Q: 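Let me begin by handing over the structure; questions about it come next.
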Amino acid sequence: MLTITRQLIMELEQNTSRESVWYETMLHMIIKYGNIEDAHALYHCFITHPEDWDYINLLEGLCKLGDRELGLELYRWAFTEGRLRVGLPGDILTACSYLGVQEAVGSLLHYALDDSKSWEWQTRACLGLLQLQLDDKEAAILRRTIEETMGQSLFNEFLPALSSQVADASLIPKLYHWGEQQASIDCNAGLVLGIALYGPEYREWIRQILWSPYWEAHDTGTGTCVWMYRAMSHVGLTFTDLIDDVRHTLTDTEDRQRMEYQLDVLYQMLCEKLQYRRLSLSVLHPNQETAEEIYHALYHWSTPDYDDSIIGLIIKRLGMDYCGLQDFYNLRTRLEMRIAHDMETIYLLSQHNQV
């Protein structure tokens with residue numbers, strides 16, 4: 001077991017009252033360098049205070065480092081007769097499914113379709129079902145529920161995310177129309193995810209969503225930005241692609257509103273890339289671009305005499321008074337810090353491996 005795992009558990013048990021970011025950073029390091037032994041230690045720590053937020057965060061370590069056997073142990077501890085024990089967090093629903101506990105499907109289906117449950121519980125259950133296999137009967141139930149819900153403005157937000165498990169890709173145009181014309185922006189994250197899960201061959205649908213103001217896919221208040229970033233990553237839409245799109249818009253159009261919207265979207269997606277987020281889904285492919293690659297695509301000058309970086313283009317087309325200009329200066333600093341951190345990490349690991 002890693003020393004830092006022991007330290008994290010000790011600090012939680014001693015209630016040292018550090019900021020949550022401290023615990024999250026330690027957990028991130030454990031996930032990066034730990035193994036199944038660390039996962040078991042985190043599990044036994046979690047079950048001592050399963051209602052505490054800092055302990056709930058430990059479930060991410062279980063998922064990333066654990067296996068199906070540990071998932072079954074969590075499931076048997078947390079569930080009684082197919083229902084989560086009173087007082088336990090809905091995060092367990094997603095954790096069990098991430099670890100491949102197929103036995104949890106019936107329970108997840110119950111919580112996903114129970115309208116008396118909160119948004120969080122329905123969401124956890126739907127995201128859990130995404131990571132497990134459904135039989136024909138279960139798929140039929142979900143398909144019928146999605147069809148009955150289609151066209152509504154407010155609904156069980158992540159129910160449409162299950163579309164690719166229960167229907168073929170002919171459903172995509174209907175999902176897109178639902179999201180662009182009918183769904184509240186408070187409910188469109190599951191539609192974004194649902195379309196993305198049909199796979200990389202449908203990446204142009206995700207590109208359309210990304211640049212369409214009707215979706216507001218970069219919105220931080222609704223949380224759609226998190227799932228938009230995960231969706232674009234899953235279908236293989238890269239930051240190089242996005243930056244090329246924005247460069248073409250800044251170069252070829254006179255539509256200031258379009259230019260500003262695309263810059264806002266690009267900036268928020270880059271923030272998602274740089275920001276450490278909690279557990280994603282086992283079925284999603286992550287973005288593999290390095291900070292150095294993104295930095296080059298954004299800030300490189302093609303010649304020493306002409307600034308055609310993203311900043312240079314912004315100044316040329318939108319002027320020095322563009323309200324988002326400082327964001328891209330700040331982003332450059334953040335990327336430089338990340339590049340320096342990555343270089344240092346690679347060096348230290350190489351030195352450690354030599355020892």
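Sequential numbering from 1 along the given sequence is applied to the chain's residues. Computed from a predicted model, the values in this text were never measured in an experiment.
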Q: Give, for atom CG of Leu132 and atom OG of Ser97, the distance between the pair rounded to the nearest 0.5 Å.
A: 5.0 Å
Q: In a table with atom names and distances, give each donor-acceptor pair under 3.5 Å that connects a side chain of residues 79-86 to protein atoms at least two apart or in another chain.
A:
residue : atom : partner : partner atom : Å
Arg83   : NE   : His110  : NE2          : 3.4
Arg83   : NH2  : His110  : ND1          : 3.4
Arg85   : NE   : Trp77   : O            : 2.9
Arg85   : NH2  : Trp77   : O            : 3.1

Q: Could you give the distance from NZ (Lys273) to CG (Leu335), rounded to the nearest 0.5 Å?
A: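 The distance works out to 10.0 Å.
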Q: Apply side chain to side chain donor-acceptor pair (under 3.5 Å) to the pair Thr224 and Asp219, showing each step before the final yes or no.
A: CA-CA 6 Å; Thr224 306; Asp219 193 276; 5.9 Å; no
Q: Can you see whether Trp121 has Arg124 sitting over its ring - NZ or CZ less than 6.0 Å from the centre and within 45° of the normal?
A: no
Q: Check whether Ile4 and Ile9 end up in the same hydrophobic cluster, where Ile, Leu, Val, Met, Phe, Trp and Tyr are linked by side-chain heavy atoms less than 4.5 Å apart.
A: no
Q: Taking 4.0 angstrom as the limit, do Glu103 and Arg68 come out as a salt bridge?
A: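 Between Arg68 and Glu103 there is a salt bridge, with a charged N closer than 4.0 Å to a carboxylate O.
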Q: Are Ile185 and Trp178 connected in a single hydrophobic cluster, I mean Ile/Leu/Val/Met/Phe/Trp/Tyr linked by side-chain heavy atoms less than 4.5 Å apart?
A: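 As far as the 4.5 Å side-chain criterion goes, Ile185 and Trp178 are not connected within one cluster.
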Q: Step through it carefully: locate the ring centre of Trp211, locate the ring centre of Tyr261, and say whether they are under 6.0 Å apart.
A: no
Q: Does a sphere of radius 6.0 Å around CD in Glu19 hold more than 12 heavy atoms from other residues, nucleotides or ligands, not counting ones at 6.0 Å or beyond?
A: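 No - once you tally the heavy atoms of other residues, nucleotides and ligands closer than 6.0 Å, there are 12 at most.
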Q: Closer than 4.0 angstrom, basic N to acidic O: yes or no for Asp307 and Lys316?
A: no
Q: Answer yes or no: is there an ion pair linking Arg143 with Glu138, defined by an N-O contact shorter than 4.0 Å?
A: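 Looking at Glu138 together with Arg143, the answer is no, because their closest N to O distance does not fall below 4.0 Å.
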Q: Working to the nearest 0.5 angstrom, can you tell me the gap between His341 NE2 and Ile346 CD1?
A: 10.5 Å
Q: Between Met269 and Leu242, is a side chain to side chain contact (heavy atoms under 4.5 Å, CB included) present by the stated rule, with each step listed?
A: CA-CA 9 Å; Met269 291 302 102; Leu242 268 58; 4.2 Å; yes
Q: Can you tell me how far the CD atom of Glu120 sits from the CG atom of Leu93, to the nearest 0.5 Å?
A: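 Spacing of CD (Glu120) from CG (Leu93) equals 9.5 Å.
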Q: Specify whether Tyr299 and Tyr295 have parallel, tilted or perpendicular ring planes, treating 30° as the upper limit for parallel and 60° as the lower limit for perpendicular.
A: tilted
Q: Could you tell me which non-hydrogen atom of His300 sits nearest to which non-hydrogen atom of Asp308, and how far apart they are?
A: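 His300 and Asp308 have their closest heavy atoms at O-OD1, 3.9 Å.
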Q: So, for Trp205 and Tyr176, is the gap between ring centers shorter than 6.0 Å?
A: yes
Q: Got a salt bridge between Arg18 and Asp54, using NZ or NE/NH1/NH2 to carboxylate O under 4.0 Å?
A: no
Q: Going by the side-chain hydrogen bond (donor to acceptor under 3.5 Å, both in side chains) test, which pairs reach into residues 144-161, not counting sequence neighbours?
A: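 Pairs touching residues 144-161 that pass the test: Trp119-Glu157.
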Q: Rounded to the nearest 0.5 Å, how far does CD1 of Ile31 lie from SG of Cys63?
A: 9.0 Å
Q: So for atom CE, which belongs to Met10, do other residues, nucleotides or ligands contribute more than 12 heavy atoms lying within a distance under 6.0 Å?
A: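 Check passes, neighbour count above 12.
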Q: Linking I/L/V/M/F/W/Y whenever any side-chain heavy atoms sit under 4.5 Å apart, do Ile243 and Trp301 land together?
A: no
Q: Please report the closest heavy-atom contact between Thr249 and Arg258, naming both atoms and the distance.
A: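 Closest approach of Thr249 to Arg258: OG1-NH2, 3.7 Å.
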Q: Checking Tyr23 against Trp53 for the ring-ring contact (aromatic ring centres under 6.0 Å, His included) test, could you report, in this order, the C-alpha distance in whole Å, the side-chain angles of both residues, the deciding distance, and whether it holds?
A: CA-CA 11 Å; Tyr23 299 127; Trp53 178 249; over 10 Å; no
